[in-house]
Amino acid sequence: MAKVITFGIQKGGVGKSTTSGIISYLLANDGYKVLTIDMDSQGNVTDLLTNLEPSEFEGETILEAFEANDIKPYIHQVTENLHIVPADDYLATLARFLYTNFRGNISLALNDLIEPVKGEYDFIIIDTPPSLSEPMVNAVCSSDYVVVLAESSKWAFTAIPRFIDTVEFAAKNVNPNVKVAGILRTMNDSRRADSKAFVELIGEEYPNTVFKTVIKRKASTGRIAIEGLFENKELNEALDQYYEFYHELKNRIGVEEHV
């Protein structure tokens, strides 16, 4: 049965799509069966994993899966082990569809959708939008674990407790199994004193929750959005710090390392 992991916070520019895409890629490369679900209408993780513009999937996205109440026809194969349900701009209309047509707990619509395919995957990875909208709430309420991403800035720092409150509210009222896996500090610019200060402040404020790994700004990592993951000559350099987080995450959620 798949472990469902959401990457999120109600703030943009913290590396959610990059991180969820990289973790999906690393898990699949390690032999796990992975389904990545793009719940962000920007479609960035769709672009990252397929190397196609989200508009290429018009009519074949997670929105249509909700409308059909069937996710299977909208699963696209990236590699043998890595599959994706893409998103495009039309996902912005999800709330209207749910409130107009969905019968049941709206916060569990995604959970209901993925339930029939959980047995086919080891992991389901969910990328989310930078807001506490229906796609984000559904992702959280469908998950076993939530990774909170926070760049080294004041606005990301102040967003952390509000997002953790959202996860805790979901656990209390909707899905008692969901929990915070940890806080990943991202986009750290080691040249800036304020960036370093917020890395330390987040660590001091959440000492038992932060991952030890801190993702630093690197040119090679930034170019992943251009070069992709599958034919990228500088991929090892781009991913070196993500390997550390990847192993930390698996340890946090109780996954044994492959020998």
Side-chain angles (χ1 to χ4, degrees), residues 2-9 12-57 60-62 74-88 91 117 120-130 139 145 147 149 151 181 184-188 211 213-250 252-253 255 257-258:
K3 292 180 183 291
V4 184
I5 308 172
T6 281
F7 291 78
I9 197 168
V14 299
K16 292 188 294 291
S17 298
T18 299
T19 304
S20 60
I22 288 172
I23 295 303
S24 298
Y25 172 85
L26 293 177
L27 285 166
N29 269 14
D30 267 355
Y32 297 104
K33 296 286 290 185
V34 181
L35 175 64
T36 303
I37 299 178
D38 196 343
M39 289 295 287
D40 184 359
S41 62
Q42 297 176 95
N44 290 338
V45 80
T46 296
D47 186 332
L48 177 60
L49 293 180
T50 68
N51 203 29
L52 293 170
E53 291 292 328
S55 59
E56 295 289 325
F57 295 98
E60 302 176 355
T61 73
I62 185 65
Y74 304 97
I75 295 174
H76 300 260
Q77 181 172 326
V78 179
T79 67
E80 182 179 353
N81 288 336
L82 178 56
H83 299 168
I84 187 169
V85 182
D88 64 7
L91 184 58
V117 300
E120 300 176 22
Y121 296 96
D122 300 305
F123 294 92
I124 296 176
I125 305 296
I126 307 177
D127 187 32
T128 57
Y145 300 97
V147 175
L149 289 94
E151 64 169 329
L184 177 64
R185 293 164 287 181
T186 65
M187 315 294 282
N188 176 43
F211 291 98
T213 305
V214 177
I215 303 298
K216 301 177 177 62
R217 289 184 182 272
K218 289 180 61 175
S220 57
T221 304
R223 285 191 290 269
I224 286 176
I226 301 170
E227 303 295 337
L229 292 166
F230 297 97
E231 296 181 2
N232 188 335
K233 295 179 180 178
E234 55 182 359
L235 190 62
N236 286 337
E237 179 185 350
L239 297 190
D240 58 358
Q241 56 189 340
Y242 281 96
Y243 286 116
E244 298 175 18
F245 166 62
Y246 172 62
H247 294 301
E248 266 196 277
L249 175 61
K250 288 204 294 182
R252 286 274 182 103
I253 64 176
V255 177
E257 295 288 347
H258 280 179

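Here the side chain of Thr36 pairs no donor or acceptor atom with the backbone of Ile125 at under 3.5 angstrom. Between the side chain of Thr46 and the main chain of Ala87, a donor-acceptor pair closer than 3.5 Å is present. At distances below 3.5 Å, at least one donor-acceptor pair connects side-chain atoms of Ser20 with backbone N or O atoms of Ser17. Of the possible donor and acceptor atoms, one in the side chain of Thr128 sits under 3.5 Å from a partner among the backbone N and O of Phe7. Under the 3.5 Å distance criterion, the side-chain polar atoms of Asp40 are matched with a main-chain donor or acceptor of Gln42. In terms of modelled atom types and a separation under 3.5 Å, the side chain of His76 and the main chain of Thr50 share no donor-acceptor contact. Side-chain N or O atoms of Asp127 include none that pairs as donor or acceptor with a backbone N or O of Asp38 at under 3.5 Å.
Note: Ile37 CD1 to Tyr74 OH = 14.5 Å, rounded to the nearest 0.5 Å. In this structure, Lys16 NZ and Thr6 OG1 are separated by 11.5 Å, a value rounded to the nearest 0.5 Å. Atom CG in Leu82 sits 9.5 Å away from atom NZ in Lys33 (nearest 0.5 Å).
Residues Ile75 and Tyr121 have side chains in contact (heavy-atom distance under 4.5 Å, counting atoms from C-beta outward). Counting only heavy atoms from C-beta outward, the side chains of Lys250 and Tyr32 approach each other to under 4.5 Å. You'll find the side chain of Ile23 reaches within 4.5 Å of the side chain of Tyr246, heavy atoms only. Side-chain atoms of Glu56 and Pro86, non-hydrogen and from C-beta on, never get closer than 4.5 Å to each other. Side-chain contact between Ile22 and Phe245 is absent, with no heavy atoms from C-beta onward closer than 4.5 Å. Contact annotation: the side chain of Tyr25 approaches that of Leu239 to within less than 4.5 Å [non-hydrogen atoms, C-beta and beyond]. Proximity of Leu26 to Asp30: side-chain heavy atoms (C-beta onward) are nowhere separated by under 4.5 Å.
Within 6.0 Å of atom CD in Glu80, 12 or fewer heavy atoms from other residues, nucleotides or ligands are found, so the atom counts as exposed in its surroundings.
Scanning both residues, Arg185 and Phe211, for their nearest heavy atoms gives NH2-O, 2.9 Å. Taking both residues in full, the closest heavy atoms of Asp88 and Pro54 are given as CB-O, 3.8 Å, listed atom of the first, atom of the second, then distance. For Ala28 against Val34, the heavy-atom pair with the smallest separation is N-CG2, 3.7 Å. For the pair Met39 and Ile62, the tightest heavy-atom approach, listed with the atom from each and the gap, is SD-CG1, 3.8 Å. The two residues Ala139 and Ile126 have their closest heavy-atom pair at CB-CG2, 3.6 Å. In this structure, Leu49 and Ser24 approach most closely via the heavy-atom pair CD1-CB, 4.3 Å.
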- [ ] Apply side chain to side chain contact (heavy atoms under 4.5 Å, CB included) to Lys3 and Ile124, showing your working.
- [x] CA-CA 6 Å; Lys3 292 180 183 291; Ile124 296 176; over 6 Å; no
Open item on the list: Before you tell me yes or no, could you show the steps for Leu27 and Asp122 under side chain to side chain contact (heavy atoms under 4.5 Å, CB included), namely the whole-Å CA-CA distance, both residues' side-chain angles and the distance that decides it to 0.1 Å?
Closed with: CA-CA 9 Å; Leu27 285 166; Asp122 300 305; over 6 Å; no
Open item on the list: The test is side chain to side chain contact (heavy atoms under 4.5 Å, CB included); show your working for Ile253 and Phe123 and say whether it passes.
Closed with: CA-CA 11 Å; Ile253 64 176; Phe123 294 92; 3.9 Å; yes
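The side chain to side chain contact (heavy atoms under 4.5 Å, CB included) with Thr19 is formed by just one residue from the set Val45, Ile215, Val147, Leu184; it is Leu184.
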